[in-house]
Amino acid sequence: MLTPLGWGTMAVSLALYAAGFLLGYPELAVLATGGALALASAFLWTAPKASLEVSREVTPLKVPRGDAAVAVLHVRNTGRWALSGLRARDRFGETEQSVDVPRLPRRSSRTVTYPLPTGRRGEIPVGPLLLVRADLLGLTRRVREYGEPATLLVRPRTADLAVLPSGRAHHLDGPTSDSAPAGTATFHTLREYVVGDDLRHVHWRSSARTGTLMVRQLVDASLPTTTVALDTRAGAYGSEDRFELAVDVAASVAVAAARAGFPVRVLSGEGVLLEGAGGRGDAEAVLDRLATVTAGERGAAEAVRLARGGGALVMVTGDARDTASASADRRRFDRVVCLNAGSAGAVPAAPGVTVLDVPDLDALPAAWRGAAR
């Protein structure tokens with residue numbers, strides 16, 4: 001296809017030829033002929049279909065906000081002629097990356113690496129990858145699409161935290177939820193047998209009565225749940241940076257509990273984002289879920305009200321006035337902590353609630369250690 005410069009060259013050449021013919025100036029016709037020859041040469045340069053093998057990989061596919069992520073482009077010339085003038089264009093969300101590909105001798109390959117912007121959290125589509133071959137004068141170009149689109153998941157940043165001490169055993173016979181972590185000490189309920197269950201836990205009397213093989217479900221009642229409630233009201237923060245800080249703070253608290261093997265629950269204005277028994281898999285799931293959280297009009301107060309009590313409640317907000325509402329949940333949880341993301345002023349105290357001001361993510365570990373003590 002013709003580039004804007006190519007269309008301009010064609011228009012000027014036609015105008016010069018017409019002027020030379022009408023006015024009787026052969027010099028103008030000579031200039032028009034030069035433009036036509038340049039266009040013909042450009043078409044001959046880019047018209048042949050290049051024989052290429054092209055692939056692009058994004059590494060890593062999941063990255064914390066602000067960390068490095070790169071796209072690695074592999075181009076191999078399988079044709080009999082050398083190729084030059086290649087340029088790769090790759091879309092990243094609403095932006096476009098452009099990079100020159102070095103000259104490719106026949107039967108050779110090149111690898112080009114270019115950075116991807118990771119300043120914004122979320123699922124970022126990468127692609128399609130376009131390979132553009134242009135002539136030396138930039139009059140014509142040939143564009144071909146290669147490879148499959150990819151998705152880069154930009155996740156929240158986290159700080160290393162310890163698990164917040166909390167907990168009184170409210171139920172001598174164990175917790176009252178089926179989501180409690182499996183254990184070997186405390187009887188919780190009877191359920192139907194599934195493949196893989198220990199046959200020593202079969203409850204034969206109930207099995208005989210119901211006609212279905214029933215097993216005893218044993219749970220570990222000693223692990224308190226950490227409930228992290230993220231306020232997603234846009235009006236509670238006032239700026240996008242403060243909301244991003246709140247997401248980072250919530251991710252740090254939830255990941256710390258999950259990596260330590262404690263049950264964790266993450267709430268937002270949309271309800272329950274995740275509820276797990278803890279472990280590395282849940283820590284990764286927390287980061288994946290919080291990667292796509294967006295600000296809206298609803299806070300997390302309703303989700304907290306509907307959530308099961310017990311353990312520690314950590315409320316993350318940008319509105320210091322929310323500390324008063326946190327004290328209303330003190331009766332249902334063993335410990336309540338309110339983290340005010342980006343708050344620089346005085347934070348009002350609330351009865352029975354530990355209130356912490358977190359101006360930035362670097363200040364979170366020190367404030368968190370003080371709360372743990």
Side-chain angles (χ1 to χ4, degrees), residues 1-59 69-120 124-152:
M1 64 178 67
L2 285 173
T3 64
L5 179 59
W7 285 108
T9 302
M10 177 181 289
V12 171
S13 298
L14 292 175
L16 289 174
Y17 185 81
F21 178 78
L22 295 175
L23 300 177
Y25 287 105
E27 294 83 0
L28 297 180
V30 171
L31 292 176
T33 303
L37 290 175
L39 287 171
S41 301
F43 274 112
L44 291 176
W45 180 273
T46 56
K49 186 177 180 180
S51 182
L52 296 172
E53 293 179 356
V54 182
S55 64
R56 183 252 293 116
E57 56 182 324
V58 176
T59 179
V70 297
V72 182
L73 177 64
H74 303 281
V75 184
R76 178 173 176 80
N77 181 11
T78 59
R80 295 180 296 174
W81 308 100
L83 294 175
S84 60
L86 292 176
R87 189 172 184 83
R89 294 195 333 221
D90 206 358
R91 291 201 64 83
F92 180 81
E94 300 298 325
T95 64
E96 184 177 89
Q97 295 281 350
S98 184
V99 60
D100 290 324
V101 179
R103 184 177 182 273
L104 279 167
R106 65 189 187 98
R107 310 295 183 185
S108 65
S109 59
R110 291 284 188 269
T111 299
V112 180
T113 302
Y114 48 96
L116 298 176
T118 60
R120 297 188 63 180
I124 313 299
V126 182
L129 172 67
L130 302 178
L131 209 60
V132 182
R133 188 187 182 202
D135 65 285
L136 299 179
L137 298 178
L139 301 178
T140 61
R141 63 185 178 185
R142 187 183 184 96
V143 182
R144 293 184 62 189
E145 183 176 325
Y146 291 89
E148 296 293 332
T151 300
L152 174 64

Subject >> Minimum heavy-atom distance between Gln97 and Pro117, given as atom pair plus value >> reply: NE2-CD, 3.3 Å
Subject >> Nearest heavy atoms of Ser13 and Ala36, plus distance in Å >> reply: OG-N, 4.0 Å
Original post:
Which atom pair, heavy atoms only, marks the closest approach of Asn77 to Ala82?
Top reply: ND2-CA, 4.0 Å
Subject >> Interatomic distance, Leu52 atom CG to Thr78 atom OG1 [nearest 0.5 angstrom] >> reply: 6.5 Å
Subject >> Approximate separation, where rounding is to 0.5 Å, of Leu129 CG and Arg91 CZ >> reply: 12.5 Å
Subject >> Exceeds 12 heavy-atom contacts within 6.0 angstrom, atom OH of Tyr114 >> reply: yes
Subject >> Side-chain heavy-atom pair Ser51, Leu83 within 4.5 angstrom cut-off >> reply: no
Original post:
Taking the side chain from Asp135 and the backbone from Thr140, do they hold a donor-acceptor pair closer than 3.5 Å?
Top reply: yes
Subject >> Given Thr95, Val58, Val70, the one that forms side-chain contact (heavy atoms from CB on, under 4.5 Å) with Leu116 >> reply: Val58
Original post:
Counting N and O atoms only, with roles assigned by atom type, does the side chain of Thr151 sit under 3.5 Å from a partner on the main chain of Ile124, one being a donor and the other an acceptor?
Top reply: no
**OP:** Considering non-hydrogen atoms only, spot the tightest contact between Leu152 and Ala69 and give its length.
**Re:** CD2-CB, 4.1 Å
Subject >> Atom pair OG/CG of Ser109 and Leu104 - distance to nearest 0.5 Å >> reply: 8.0 Å
Original post:
Taking all atoms of both residues into account, what is the closest heavy-atom pair of Arg133 and Ser84, and its distance?
Top reply: NE-O, 3.7 Å
Original post:
What is the distance from atom CG of Leu73 to atom OG1 of Thr111, rounded to the nearest 0.5 Å?
Top reply: 8.0 Å
Original post:
Within the distance-only criterion (no hydrogens, no angle test), does the side chain of Thr46 pair as donor or acceptor with the backbone N or O of Arg141 below 3.5 angstrom?
Top reply: no
Original post:
Is there a donor-acceptor pair closer than 3.5 Å between any side-chain N or O of Arg80 and the backbone N or O of Arg106?
Top reply: no
Subject >> The single option from Leu14, Thr3, Leu2, Leu39 passing side-chain contact (heavy atoms from CB on, under 4.5 Å) against Thr9 >> reply: Leu39
Original post:
With respect to His74, which candidate in Glu53, Arg110, Arg56, Glu57 satisfies the side chain to side chain donor-acceptor pair (under 3.5 Å) definition?
Top reply: Glu57
Subject >> Within 6.0 Å of CD in Glu96, more than 12 heavy atoms from elsewhere >> reply: yes
